[in-house]
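Since the structure comes first, as structure tokens, the remarks are kept for the end.
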Amino acid sequence: MPKSLSSSPLSSAEAAFRFESPLASPKKASRSPTALAVAQLPSLGQLSPDMLKIPSIMQSDLNLTRKFDNDVVTLPEGTVLYRGDDRYDPKQATYEAQFYLRDQLNTKNYGQIVLSFELTQPIELLALDQNVEGFKNWLAQNDTESLNILHNHFGYPKELSQASTHKRVRDSVGNKDRALLNSIKQYAAQHGFKGYYIQQMAHADAGRGDFHGEVAIYDSTFVSNPRLISGQNKDEIRDLNQAAKLKQLEPQKKRKRISQAERIDLDVRENQANRGRGLFG
């Protein structure tokens with residue numbers, strides 16, 4: 001495992017990168033984070049016993065270290081991750097995924113079938129909402145397309161001097177997120193990181209509230225097999241699988257019935273509608 005290049009105090013410019021999520025700021029209300037999490041849970045009748053366990057607040061993971069001029073989050077072996085995925089089939093031999101949540105409260109955005117996973121080993125993740133100048137500079141030399149994704153879809157400042165005033169906005173688009181994760185995989189060949197980690201961020205579509213925190217891991221072998229925690233029986237899972245397949249096929253059916261100009265317009269509208277949804281593949 002690579003050693004940290006420096007343990008010296010951060011400069012004022014570097015310190016400006018330290019992004020504090022609302023969940024990490026000092027409490028101004030009398031209710032604790034756990035109480036707030038309980039208040040947001042669905043009704044008890046909708047949850048299995050496993051889902052009644054209150055998840056860890058994501059910011060408790062943020063024991064940041066500096067490696068290769070990047071802020072890094074280390075998640076220990078056994079860390080629990082979650083996904084919502086109505087395509088999940090318990091009969092499938094393997095389940096491969098790259099995008100996860102650290103809490104189950106946001107899984108409803110992605111599906112009624114909720115799965116939990118555990119890390120099979122400790123992993124180091126680039127904290128993309130913090131200071132990752134080392135990765136940014138590597139992208140500038142090796143992958144300018146992914147550099148643009150880092151700026152435009154993860155809100156990363158183009159200049160270190162802008163960090164204190166730059167508002168970071170998350171604009172999640174599936175193919176862009178996967179492209180950047182693949183670039184991290186290439187970068188990892190020299191530096192050992194396994195993906196990225198972000199806290200809750202402002203959403204590009206302000207009307208949808210903040211974008212949830214996420215964990216992205218490029219290799220599913222670092223994660224255990226999924227465990228169903230939402231309690232559906234096999235018939236309910238089959239129905240959700242079928243509905244997910246029909247939803248996935250519907251855009252293809254539309255394209256077969258429309259002109260090329262209409263198809264381009266449909267692609268644009270679907271891209272806008274899918275920002276931040278259904279990306280956890």
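Hydrogens, waters and symmetry mates are skipped; everything else that's a heavy atom, side chains included, is used. Because the structure is a prediction, the values reported are computed rather than measured.
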Q) Under a 4.5 Å side-chain heavy-atom rule over Ile, Leu, Val, Met, Phe, Trp and Tyr, are Leu75 and Leu64 clustered together? A) yes
Q: Pick out which of His153, His212, Glu214 makes a side-chain hydrogen bond (donor to acceptor under 3.5 Å, both in side chains) with Arg170.
A: Glu214
Q: Identify, with sequence neighbours excluded, every residue that meets ring-ring contact (aromatic ring centres under 6.0 Å, His included) alongside Phe154.
A: Tyr196
Q) If you take all heavy atoms of Tyr156 and Val132, which pair is closest and at what distance? A) OH-N, 3.0 Å
Q: Examine the side chains of Tyr110 and Asp86 and answer whether a donor and an acceptor come within less than 3.5 Å of each other.
A: no
Q | Results of salt bridge (Lys or Arg N to Asp or Glu O under 4.0 Å) for Lys136 - residues two or more places apart only | A | Glu133
Q: Show the numbers, then the answer: is there a side chain to side chain contact (heavy atoms under 4.5 Å, CB included) between Ser116 and Leu81?
A: CA-CA 6 Å; Ser116 70; Leu81 306 173; over 6 Å; no
Q: Report the C-alpha distance between Tyr82 and Tyr100 in whole Å, list the side-chain angles of each, state the deciding distance to 0.1 Å, and finish with yes or no for ring-ring contact (aromatic ring centres under 6.0 Å, His included).
A: CA-CA 6 Å; Tyr82 302 92; Tyr100 304 87; 10.0 Å; no
Q.
Arg83 vs Tyr95, test: side chain to side chain donor-acceptor pair (under 3.5 Å). Steps then yes/no.
A. CA-CA 12 Å; Arg83 280 175 58 89; Tyr95 182 91; 2.8 Å; yes
(Q) Looking only at the side chains, is there a donor atom on one of Asn70 and Tyr187 sitting less than 3.5 Å from an acceptor on the other? (A) yes
Q. Can you tell me how far CD of Gln232 sits from CD of Gln112, rounded to the nearest 0.5 angstrom?
A. 7.0 Å
(Q) Salt bridge or not between Lys194 and Glu124? Use side-chain N to carboxylate O under 4.0 Å. (A) no
(Q) Classify the ring geometry of Trp138 against Phe135: parallel below 30°, tilted from 30° to 60°, perpendicular beyond 60°. (A) parallel
Q: Please name the pair of heavy atoms, one in Thr120 and one in Ser224, separated by the smallest distance, quoted to 0.1 Å.
A: CG2-N, 3.7 Å
Q. Do you know the tightest heavy-atom contact between Gly231 and Glu236?
A. O-OE1, 4.4 Å
Q: Sequence neighbours left out, what passes salt bridge (Lys or Arg N to Asp or Glu O under 4.0 Å) with Lys91? Give chain and number order.
A: Asp89
Q. Salt bridge check: are Arg168 and Asp129 linked by an N-O gap of less than 4.0 Å?
A. no
